[in-house]
There are 2 protein chains.
Amino acid sequence: MDKAVYEAIRRAMLMGRLLPGTKLGEPALARVLKVSRERVRKALHRLVHEGWLEAVPNRGTFVPALTIGEVREIYDVRTMLETAIVGRLCTGYGPPAAQRLKAHINEERLAVRNDDRGRLFGLSGEFHVLLAELCGNEQLSKLLRGLLTRSTMHFSLSAPERFHNCAGPHDHADIVKAILARDAKKAAKLMLDHLLGLVEWQSAWQPPPNPVRLEEAFRGIAAVRRPA
Amino acid sequence: MDKAVYEAIRRAMLMGRLLPGTKLGEPALARVLKVSRERVRKALHRLVHEGWLEAVPNRGTFVPALTIGEVREIYDVRTMLETAIVGRLCTGYGPPAAQRLKAHINEERLAVRNDDRGRLFGLSGEFHVLLAELCGNEQLSKLLRGLLTRSTMHFSLSAPERFHNCAGPHDHADIVKAILARDAKKAAKLMLDHLLGLVEWQSAWQPPPNPVRLEEAFRGIAAVRRPA
DNA sequence: TGGCAGTAGAATGTGCACATTATGGCCGTA
DNA sequence: TACGGCCATAATGTGCACATTCTACTGCCA
């Protein structure tokens with residue numbers, strides 16, 4: 001199955017092993033992953049199409065360096081969708097929805113108590129997906145899942161070793177509380193502030209100097225040979 | 001360039017030449033379009049990934065038969081985004097935005113007056129894209145463009161020969177009027193009603209018996225060989 | 001006559017070899 | 001010494017041939 005190659009590259013990106021600007025050569029990947037070049041090609045093409053990588057014709061595929069502007073745009077779209085989502089959940093949801101929401105919040109609390117950053121990182125993302133799923137709209141869920149992965153990619157690539165506390169657990173609990181109280185206005189406002197906080201928090205991570213950016217800037221100027 | 005193959009297939013779908021359930025065989029397409037099978041393969045894979053076609057492993061790729069439920073879901077997502085869009089446009093837009101909106105409405109009026117259904121069909125879609133573009137969010141524009149093509153695909157496939165009047169021009173003019181008056185509430189409401197009307201109008205198109213559906217139903221039963 | 005196994009054909013999936021293009025080093029010249 | 005053109009090398013792009021899988025027809029058997 002060629003999905004394995006796709007997943008391997010994606011995982012490497014989420015783990016921050018591939019810095020922005022890195023070139024993903026087909027022969028090198030095929031050698032490392034021990035698969036044929038065609039498999040690698042297909043996986044790369046798919047990743048490019050999904051926005052994970054950038055392809056330059058006759059040059060290769062590269063790990064993109066998302067600008068703060070693009071991240072803001074993605075969060076802006078998320079805001080539009082997710083404020084609408086919580087609003088809709090306030091107008092009507094089934095009993096299992098309430099139960100799932102409470103269960104999720106409890107899991108996040110548990111992760112915080114155990115200081116399990118990795119688990120909390122995963123749960124924070126899943127919370128937003130959960131809200132979409134509770135709307136019962138498959139298209140919406142898929143779309144939001146894509147936006148979420150893309151919005152976190154920037155973070156994963158730039159500062160992966162430190163999982164974000166996201167200011168999340170508390171925000172999430174408040175949002176759930178508002179939904180259960182069927183307070184649409186408040187829920188939407190809380191979601192808006194939550195996402196605004198996230199994007200601001202991520203923006204603060206841009207300033208630290210990115211080594212790859214320097215390498216790109218000096219390519220063809222200084223007499224340094226790139227390591228890869 | 002392989003984009004030509006991609007565009008050719010897409011155009012055929014939009015023109016309604018490919019009915020739902022039709023199989024797009026690689027050798028047949030390569031023969032018809034006079035390109036190598038690899039080009040066809042790449043184009044098909046891309047179309048599948050974008051949701052235009054459906055692929056069954058070791059079976060081939062087929063023109064999908066979107067259910068009413070899926071169409072409703074897509075319109076639901078569009079409602080979330082587009083009500084937010086008009087709301088945002090009401091809070092702030094530049095002078096060129098107002099000018100472009102007015103110009104578009106005028107073009108639609110002109111198309112109606114000339115009874116140019118084809119042009120009106122295109123303009124009706126472009127109106128929604130225009131609103132997204134005026135927000136200045138590239139991600140949003142791309143996303144909405146995809147949703148729009150997918151939501152109209154169902155229509156194109158099931159009833160392509162009759163371009164929809166969409167109850168559009170009038171609705172669009174009202175929406176623009178509300179935006180220019182900076183009446184966010186009204187604009188959002190009008191957009192909501194507009195999209196609700198569109199999806200209801202499209203739903204009404206499902207009942208008429210689909211010839212391909214019959215062909216599929218009799219496949220393997222009657223002694224008819226499929227034309228392709 | 002109805003059902004089923006076997007088989008021939010075609011279509012999809014996969015890997016390989018070649019063509020094309022970009023990159024980096026080398027050399028000649030101003 | 002610096003600049004510009006040339007060439008070797010490696011990577012990407014493309015087409016082809018083979019392997020695998022599914023479909024459909026045929027013939028056999030109950």
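Throughout, a chain's letter reflects where its sequence line sits, starting with A, and its residues are numbered from 1. When reading the values below, keep in mind they use all heavy atoms of this one structure, side chains included, and skip hydrogens, waters and symmetry mates.
Distance CG (A:Asp2) to P (C:dT12): 17 Å, rounded to an integer number of Å. Atom pair B:Arg41:CZ and C:dG15:P shows a separation of 12 Å (rounding to whole Å applied). If you measure from atom NZ of B:Lys42 to atom P of D:dG13, you get 7 Å, rounded to the nearest angstrom. Following rounding to the nearest Å, A:Arg31 (CZ) and D:dT12 (P) show an atom-to-atom distance of 11 Å. Distance A:Phe62 CZ to D:dT12 P: 9 Å, rounded to the nearest Å. In this structure, B:Leu33 atom CG and D:dG15 atom P are separated by 14 Å, rounded to whole Å.
Two residues, B:Arg59 and A:Glu38, neighbour DNA chain C, and the one matched to the more 5' nucleotide by heavy-atom proximity is B:Arg59.
In this structure, of C:dA11, C:dG13, D:dA11, it is C:dA11 that holds the atom nearest to the side chain of B:Lys23. Of the candidates D:dG15, C:dT14, D:dG13, D:dG13 carries the atom nearest the A:Asn58 side chain, counting heavy atoms from C-beta on.
Heavy atoms of A:Glu26 sit under 4.0 angstrom from primed sugar atoms or phosphate atoms, though from no base atom.
Between B:His172 and B:His104, the ring planes are tilted. Angles from 30° to 60° get that label.
Taking 4.5 Å as the limit, some side-chain heavy atom of B:Leu89 sits within range of a side-chain heavy atom of B:Leu131.
For D:dG13, the base has a donor-acceptor partner in the side chain of A:Arg37 [N/O atoms by modelled type, under 3.5 angstrom].
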